[in-house]
There are 2 protein chains.
Amino acid sequence: MAKQKTDQKADLLQGTLDMLILKAVSLGPLHGYGIIQRIRQISGEMLEVEQGSLYPALYRIEQRGWVSSQWEKGETGRRVKLYTLTKVGRAQLEVEEASWDRLALAIAKVRQAT
Amino acid sequence: MAKQKTDQKADLLQGTLDMLILKAVSLGPLHGYGIIQRIRQISGEMLEVEQGSLYPALYRIEQRGWVSSQWEKGETGRRVKLYTLTKVGRAQLEVEEASWDRLALAIAKVRQAT
DNA sequence: TTCCATACCTTGACATCCTAGGCAACCTCC
DNA sequence: GGAGGTTGCCTAGGATGTCAAGGTATGGAA
């Protein structure tokens with residue numbers, strides 16, 4: 001299906017996946033497969049989340065109460081598991097974004113060092 | 001001793017440690033304990049690498065040929081294990097920096113999504 | 001002499017991610 | 001009507017990397 005991905009295996013860093021998922025779901029309820037597509041889309045085709053990474057992560061995230069899920073009939077008539085961001089999840093997203101900002105800033109400083 | 005660390009568990013993301021170490025050593029040969037200090041310093045006290053993370057990482061990095069080591073007499077008269085960046089290591093540093101840039105760019109895009 | 005900082009290292013637990021599968025429903029095209 | 005592709009869910013197993021916690025030793029300061 002033409003994955004290609006600019007030949008560079010950009011692989012996510014451990015810990016960033018949760019933030020990406022929360023962000024994707026924050027744009028509106030979504031099912032698992034759709035999350036992968038949305039992340040790919042909003043990252044400009046740069047990030048490709050594997051199913052084997054996503055589903056365990058979703059389970060984990062739901063356990064922590066950051067998202068809630070319910071089975072629904074999708075637009076195509078098929079049953080899909082819709083995930084919705086909870087209030088706690090929205091707060092967590094902000095925490096993770098702040099944490100990322102701090103790290104990115106720190107790394108930037110290190111990069112400048114001579 | 002005053003560690004403090006702004007109470008925020010800034011914890012590194014898996015995968016960034018190698019880059020930090022390579023960068024630290026790229027500024028001049030250094031021993032393990034000194035690497036921790038240099039990273040703390042050039043990150044503006046934002047990054048605190050644990051010894052339990054550093055030494056395994058150093059071993060790993062040396063096995064891959066990115067640094068070489070030799071025992072020397074430190075300034076204080078004590079024996080220290082000095083690590084030096086190799087040519088391969090310098091190339092690897094560039095690879096990791098480029099990889100970080102890609103990821104940071106992708107994350108930034110995701111952050112902007114509405 | 002007691003304590004702290006420096007300096008090395010290991011062990012074991014833990015979380016997260018990826019590879020590689022499996023299952024099923026739906027669609028299109030031949 | 002059958003084949004194959006896409007959507008959609010999931011799991012098992014292994015690899016990796018990090019951390020918490022400990023151990024050892026030297027040297028200087030109090």
Side-chain angles (χ1 to χ4, degrees), chain A residues 1-3 5 9-22 24 29-41 47-64 66-67 69-83 96 99 103, chain B residues 1-3 5 9-22 24 29-41 47-64 66-67 69-83 96 99 103:
Chain A
M1 164 317 206
K3 178 61 57 48
K5 207 201 296 192
K9 49 162 229 138
D11 283 333
L12 294 86
L13 256 39
Q14 230 172 262
T16 54
L17 183 55
D18 289 2
M19 179 174 73
L20 292 173
I21 293 175
L22 292 176
L30 212 51
H31 60 280
Y33 202 84
I35 292 176
I36 292 178
Q37 295 173 321
R38 185 171 287 171
I39 289 178
R40 178 170 48 218
Q41 179 217 328
L47 300 180
E48 187 69 33
V49 177
E50 302 295 333
Q51 292 192 18
S53 307
L54 180 81
Y55 289 111
L58 272 176
Y59 176 81
R60 184 171 72 228
I61 287 174
E62 184 173 17
Q63 289 299 307
R64 292 176 184 164
W66 299 345
V67 297
S69 70
Q70 49 191 341
W71 287 98
E72 300 234 344
K73 274 210 166 57
E75 303 157 6
T76 59
R78 299 175 60 175
R79 280 166 57 75
V80 295
K81 200 173 183 181
L82 259 196
Y83 290 92
E96 307 230 344
S99 180
L103 180 64
Chain B
M1 204 269 257
K3 176 61 57 48
K5 209 201 292 189
K9 48 156 230 140
D11 284 333
L12 293 87
L13 258 39
Q14 229 172 263
T16 55
L17 182 55
D18 289 2
M19 180 175 70
L20 291 173
I21 293 175
L22 292 176
L30 212 50
H31 60 281
Y33 202 84
I35 291 175
I36 292 179
Q37 295 174 321
R38 184 171 288 172
I39 289 178
R40 177 169 51 219
Q41 179 217 328
L47 300 180
E48 187 69 33
V49 178
E50 302 294 333
Q51 293 190 19
S53 305
L54 179 80
Y55 289 112
L58 272 177
Y59 176 80
R60 184 172 71 228
I61 287 173
E62 184 173 15
Q63 290 298 308
R64 292 175 183 166
W66 300 344
V67 297
S69 70
Q70 49 192 341
W71 287 98
E72 300 234 344
K73 272 210 167 58
E75 303 159 5
T76 59
R78 297 174 62 176
R79 278 166 58 78
V80 295
K81 200 171 182 181
L82 260 196
Y83 290 91
E96 306 230 343
S99 180
L103 180 64

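Chain letters run A, B, ... following the sequence lines, proteins first, then strands; residues in each count from 1. The shown structure was predicted, so the numbers you read here are calculated from the model rather than taken from an experiment. Because only heavy atoms are used, hydrogens play no part in the values below, and waters and symmetry mates are left out as well, while side chains stay in.
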Mind calculating the distance between CD (B/Gln51) and C1' (C/dT11) to the nearest angstrom? 15 Å
Write down the distance between CD1 (A/Ile36) and C1' (D/dT6), rounded to a whole number of angstrom. 13 Å
Take the protein atom CH2 of A/Trp71 and the nucleotide atom P of D/dC9, then report the distance between them rounded to whole Å. 6 Å
What integer distance in Å separates A/Lys73:NZ from D/dG8:P? 15 Å
Nearest 0.5 Å please: distance from the CG atom of A/Leu30 over to the CD1 atom of A/Ile39. 9.0 Å
Closer than 4.0 Å, any side-chain N/O of B/Tyr55 to the OP1 or OP2 of C/dC9? no
Report each atom pair, protein N/O against N/O of nucleotides 24-28 of chain C, whose distance is under 3.5 angstrom.
none

Between atom NE2 in B/His31 and atom P in C/dA5, what is the gap in whole Å? 16 Å
Nearest-0.5 Å distance, CG of residue A/Leu13 to OG of residue B/Ser99: 7.5 Å
Provide a list of protein-nucleic acid N or O atom pairs under 3.5 angstrom, restricted to nucleotides 14-18 of chain C.
{"from": "C/dT16", "atom 1": "OP1", "to": "A/Arg64", "atom 2": "NH2", "distance (Å)": "3.4"}
{"from": "C/dT16", "atom 1": "OP2", "to": "A/Arg64", "atom 2": "NH2", "distance (Å)": "3.3"}
{"from": "C/dT16", "atom 1": "O4'", "to": "A/Gln14", "atom 2": "NE2", "distance (Å)": "3.3"}
{"from": "C/dT16", "atom 1": "O2", "to": "A/Gln14", "atom 2": "OE1", "distance (Å)": "3.3"}
{"from": "C/dC17", "atom 1": "OP1", "to": "A/Gly15", "atom 2": "N", "distance (Å)": "3.0"}
{"from": "C/dC17", "atom 1": "OP2", "to": "A/Arg60", "atom 2": "NH2", "distance (Å)": "2.8"}
{"from": "C/dC18", "atom 1": "OP2", "to": "A/Ser53", "atom 2": "OG", "distance (Å)": "2.0"}
{"from": "C/dC18", "atom 1": "N4", "to": "A/Gly52", "atom 2": "O", "distance (Å)": "3.4"}

Within the structure, does a side-chain N or O atom of A/Tyr33 lie under 4.0 Å from either OP1 or OP2 of D/dT7? yes
Checking B/Glu96 now: which residues fulfil side-chain contact (heavy atoms from CB on, under 4.5 Å) with it, not counting sequence neighbours? B/Asp18, B/Met19, B/Trp66, B/Gln92
Test salt bridge (charged side-chain N to carboxylate O under 4.0 Å, His left out) applied to A/Arg79 - qualifying residues, sequence neighbours left out: none
What is the separation between atom CZ on B/Arg40 and atom P on C/dA5, rounded to the nearest whole Å? 11 Å
Spacing of B/Tyr59 atom OH relative to D/dT16 atom C1', expressed in whole Å: 15 Å
Nearest heavy-atom pair of B/Leu12 and B/Glu48: which atoms, and what distance? CD1-O, 4.3 Å
Taking the side chain as everything from C-beta on, heavy atoms only, tell me whether B/Val67 gets closer than 4.5 Å to B/Leu22. yes
Where B/Leu58 and B/Gly32 come nearest, the two heavy atoms and their spacing: CD1-CA, 4.0 Å
Separation of atom CG in A/Leu82 from atom P in D/dG8, rounded to whole Å: 11 Å
Go through the structure and list residues passing side-chain hydrogen bond (donor to acceptor under 3.5 Å, both in side chains) with A/Arg64, not counting sequence neighbours. none
Of all residues at least two apart in sequence or in a different chain, which pass the side-chain hydrogen bond (donor to acceptor under 3.5 Å, both in side chains) check with A/Ser69? A/Glu62
